[in-house]
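Data block below; observations after.
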There are 2 protein chains.
Amino acid sequence: MRLSKRGEYGLRAMIALAEPAEKGSAPQMMQIKEIALREQISAKFLEQILLALKNNGLLHSKMGVGGGYYLARPAKEITLGQIFRVLDGPVAPIKCVSQMAYEPCGCPDEETCGLRLAMGDVRNAIADILDNTSLADVTKRQNAVRKKMGR
Amino acid sequence: MRLSKRGEYGLRAMIALAEPAEKGSAPQMMQIKEIALREQISAKFLEQILLALKNNGLLHSKMGVGGGYYLARPAKEITLGQIFRVLDGPVAPIKCVSQMAYEPCGCPDEETCGLRLAMGDVRNAIADILDNTSLADVTKRQNAVRKKMGR
DNA sequence: TATAAAGTCTATAGTACCAGTATACTTTCA
DNA sequence: TGAAAGTATACTGGTACTATAGACTTTATA
């Protein structure tokens, strides 16, 4: 049940982009290098990841001097599930319970397959969290913990 | 978030072994070939998987003529989580939230890392299902569905 | 007690995927 | 016009996954 490095770095980058530099400021733009440095990620690798996120409509970018990446929509409208699926594919642990990439698993009777029933529950539990947690939720929670710890 | 073939086959085999041949009969013993045929798995591959489950105390075996594998404990005392961990390792999507294989993920402040907080929720949701679903639960559910569909 | 049926164990092969690197290109701004 | 930035694609080394092979041990029974 692992999150790939690709997925991890992508999620970290998106969270970084969701943290407003100043309170109530415009959606912030950051450069690849900036994010890479801050999150300790290989810039070249991150480049590919951000590109994939852009091509799937989650990021926008500006080329040239003073360019960079920024969120395509407000942080509260982008969920972890959307990001995850772009970078790591379907959420389901087994294809026969996948919503976005269904494939039969070959058991004689899918309707009554016990493994399928159990893995369906797992899929739903994961999707429930990922699809109902937005980037805004994440940064809000971060700040709440920070405040609580007095930082 | 994928279940490996190893994990899938192992879970299928354990579920097969948990289905009593006759109502209220003794823990049933099945041979590798028998399970492999029924679940359409390569017998040699399944062999390794069952061996791993045996070496981790989830299965017992009997060698020689008329031998086979059988559950080491009653089906209601073996959870999907136990099987999963033997075959696919930790449940956590990222090491910094793993209970059984913790490792720092390298973010500057783990306590307030948003990704870690979210992935912690995911881990708990998965573990909650896997550790609270026994083989007996699975076969019971299978039978319930079968009955409902009139088979 | 010989034989065949069954599990045990270790090694290895092929493949796919992951993580990262390299390089050439295009766009934009000053 | 040149430097800063993103775009695009190819390549590579490593590792993990999915088996397959073969030699070995244990056990029942004829």
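Basis for what follows: all heavy atoms, side chains included, without hydrogens, waters or symmetry-related copies.
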(message) With a 3.5 Å distance limit and no angle check, can you tell me whether A:D88 reaches the backbone of A:F84 through a side-chain donor-acceptor pair?
(response) no
(message) A side-chain contact here means heavy atoms from C-beta on lying under 4.5 Å apart; do B:L71 and B:L59 qualify?
(response) yes
(request) Using whole Å, report how far CD of A:Q40 lies from P of C:dA19. (result) 18 Å
(message) Given B:D128, which partner from the list B:I126, B:N132, B:L130 fulfils the side chain to side chain contact (heavy atoms under 4.5 Å, CB included) test?
(response) B:N132
(request) Using five pairs at either end of the helix from C:dT1-D:dA30 to C:dA30-D:dT1, determine the angle between the two local helix axes and round it to 10 degrees. (result) 0°
(request) Starting from the C-alpha separation in whole Å, work towards a yes-or-no answer on side-chain contact (heavy atoms from CB on, under 4.5 Å) for A:R85 and A:D131. (result) CA-CA 10 Å; A:R85 288 193 180 87; A:D131 289 336; 2.8 Å; yes
(request) Starting at atom CD1 of A:I32, determine the distance to atom P of C:dG20, rounded to an integer number of angstrom. (result) 15 Å
(message) Measure CG/A:L59 against C1'/D:dA5 and give the value in whole Å, please.
(response) 15 Å
(message) Check whether B:E77 reaches the backbone of B:P74 with its side chain - one donor and one acceptor, N or O, closer than 3.5 Å.
(response) no
(message) I need the full list of side chain to side chain donor-acceptor pair (under 3.5 Å) pairs touching residues 113-124 of chain A, with sequence neighbours left out, sorted by first then second residue.
(response) A:D121-B:R141
(request) Find the distance A:L50:CG to D:dT7:P and express it as a whole number of Å. (result) 9 Å
(message) Per the salt bridge (Lys or Arg N to Asp or Glu O under 4.0 Å) rule, what does the pair list look like for residues 61-76 of chain A, sequence neighbours excluded?
(response) none
Return the polar atom pairs (N/O with N/O) between nucleotides 28-30 of chain D and the protein under 3.5 Å, or none.
| residue | atom | partner | partner atom | Å |
| --- | --- | --- | --- | --- |
| D:dA28 | OP1 | B:K62 | NZ | 3.4 |

(message) Without decimals, in angstroms, what is the distance between B:K54 NZ and C:dA6 C1'?
(response) 12 Å
Set out, line by line, the N/O atom pairs under 3.5 Å between protein and nucleotides 16-21 of chain D.
| residue | atom | partner | partner atom | Å |
| --- | --- | --- | --- | --- |
| D:dT18 | OP1 | B:K5 | N | 3.3 |
| D:dT18 | OP2 | B:K5 | N | 3.2 |
| D:dA19 | OP2 | B:Y9 | OH | 3.3 |
| D:dT20 | OP2 | B:S42 | OG | 2.9 |
| D:dT20 | O4 | B:Q48 | NE2 | 2.2 |

(request) Please report the shortest heavy-atom distance between A:A127 and A:V91, naming the atom on each side. (result) N-CG1, 4.1 Å
(request) Using atom CG of A:L51 as one end and atom C1' of C:dC25 as the other, report the distance to the nearest whole Å. (result) 13 Å
Side-chain donor-acceptor pairs of residues 37-44 of chain B under 3.5 Å, sequence neighbours excluded:
| residue | atom | partner | partner atom | Å |
| --- | --- | --- | --- | --- |
| B:R38 | NH2 | B:E19 | OE1 | 2.6 |
| B:S42 | OG | B:F45 | N | 3.2 |
| B:K44 | NZ | B:E47 | OE1 | 3.4 |

(request) Write down the distance between CE (B:M30) and P (C:dG7), rounded to a whole number of angstrom. (result) 11 Å
(message) To check you understand the geometry: which heavy-atom pair defines the closest contact between B:A92 and A:R2, and what is its length?
(response) O-CD, 3.5 Å
(message) Distance check needed: D:dA3 C1' versus A:Q31 CD, whole Å only.
(response) 13 Å
(request) Could you check if a side-chain atom of A:M119 sits within less than 4.5 angstrom of a side-chain atom of B:L11, using non-hydrogen atoms only? (result) yes
(message) At less than 4.0 Å, is any side-chain N or O atom of A:Y70 found next to OP1 or OP2 of D:dG6? Yes or no.
(response) no
